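Structure, as structure tokens:
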Amino acid sequence: MDYEHKAKAVADCLLSYRRDESGWKVCRKSNDVVVSWRPSSEFPGNVYKGEGIVSGSPEKVWECLKPVPNGLRVKWDSNVKRFELLEQIMEDISICRTVTPSAAMGIIAPRDFVDVILVKQHEDGSISSNATNVIHPSCPSQPGYVRGFNHACGCICIPITG
């Protein structure tokens, strides 16, 4: 599989979501976060984005978001139980397995996801993780987990004035 090509394609997709503001409809709003959706052009269903302002430098905020084993994300995000590096393709492209816990008092089984992830620095100072599902020979489906498949997904940390 051409992981590099797939990673760059998903980065282009997420950048297009960021640039194209048309069609997004707000579905949830709080003082801190706005969640919007619109129909996907890639698959039957919707795409969602959450936006909020976090006090801190982009570098400090990114430390909390970046997709790395033993990173801070596993410590603060209760939906991420484990994050494993399966293969480093290039300096900015990796194949990773993310494990989520069971939910709804065990009614929803634990899940695992295998994704190619591209971490990208943008000219405007923003940094993004860009991911989508892949099949990797070192990580077949695991007993006790339902294998999940992510469409284009990720986080974008954008510096703002002030």
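The structure presented is a predicted model; accordingly, all values stated were derived computationally and were not measured. Atom set for the values below is all heavy atoms of this structure, side chains included, hydrogens, waters and symmetry mates excluded.
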Side chain Asp115, main chain Asn133, donor-acceptor under 3.5 Å: yes
Exercise: identify the closest heavy-atom pair between Trp62 and Cys155: CZ3-O, 4.2 Å
Closest contact, heavy atoms only, Ser22 versus Asp20: OG-OD1, 2.5 Å
Taking Asn130 for the side chain and Leu118 for the main chain, is one N or O donor matched with an acceptor at less than 3.5 Å? yes
Can you find a heavy atom in the side chain of Ser94 that is under 4.5 Å from one in the side chain of Gln88? yes
Would you check if His136 and Glu87 make a side-chain contact, meaning some heavy-atom pair closer than 4.5 Å? yes
Ring-plane angle category for Phe43 and His151, please: parallel below 30°, perpendicular beyond 60°, tilted otherwise. parallel
For the pair Thr132 (side chain) and Asn150 (backbone), establish whether a donor and an acceptor sit closer than 3.5 Å, ignoring hydrogens and angles. yes
Test: Lys49 cationic atom under 6.0 Å from Trp24 six-membered ring centre, within 45° of axis: yes
Could you state the interatomic distance from CG (Leu15) to NZ (Lys120), rounded to the nearest 0.5 Å? 6.5 Å
Look only at the side chain of Arg19 and the backbone of Tyr17, and say whether a donor-acceptor pair between them is shorter than 3.5 Å. no
Going through the distances and angles, do Ser30 and Asp32 end up as a side-chain hydrogen bond (donor to acceptor under 3.5 Å, both in side chains)? CA-CA 5 Å; Ser30 74; Asp32 302 319; 5.0 Å; no
Is there a salt bridge (Lys or Arg N to Asp or Glu O under 4.0 Å) between Arg18 and Asp124? Walk through the geometry before answering. CA-CA 13 Å; Arg18 179 178 170 192; Asp124 66 355; 2.4 Å; yes
Thr100 side chain reached by Lys81 side chain, heavy atoms, under 4.5 Å: no
Is the closest side-chain heavy-atom distance between Arg97 and Arg82 below 4.5 Å? yes
I need the Ile158 CD1 to Ile127 CD1 distance, nearest 0.5 Å. 12.0 Å
Should Arg111 and Ile108 count as side-chain neighbours, where that means a heavy-atom distance under 4.5 Å? yes
Do Pro140 and Arg147 have side chains that get closer than 4.5 Å, going by heavy atoms? no
Nearest 0.5 Å, what's the NZ-CZ distance between Lys66 and Arg73? 13.5 Å
Between Val47 and Trp37, is any pair of side-chain heavy atoms under 4.5 Å apart? no
With a 4.5 Å heavy-atom cut-off, do Ser36 and Tyr48 have their side chains touching? no
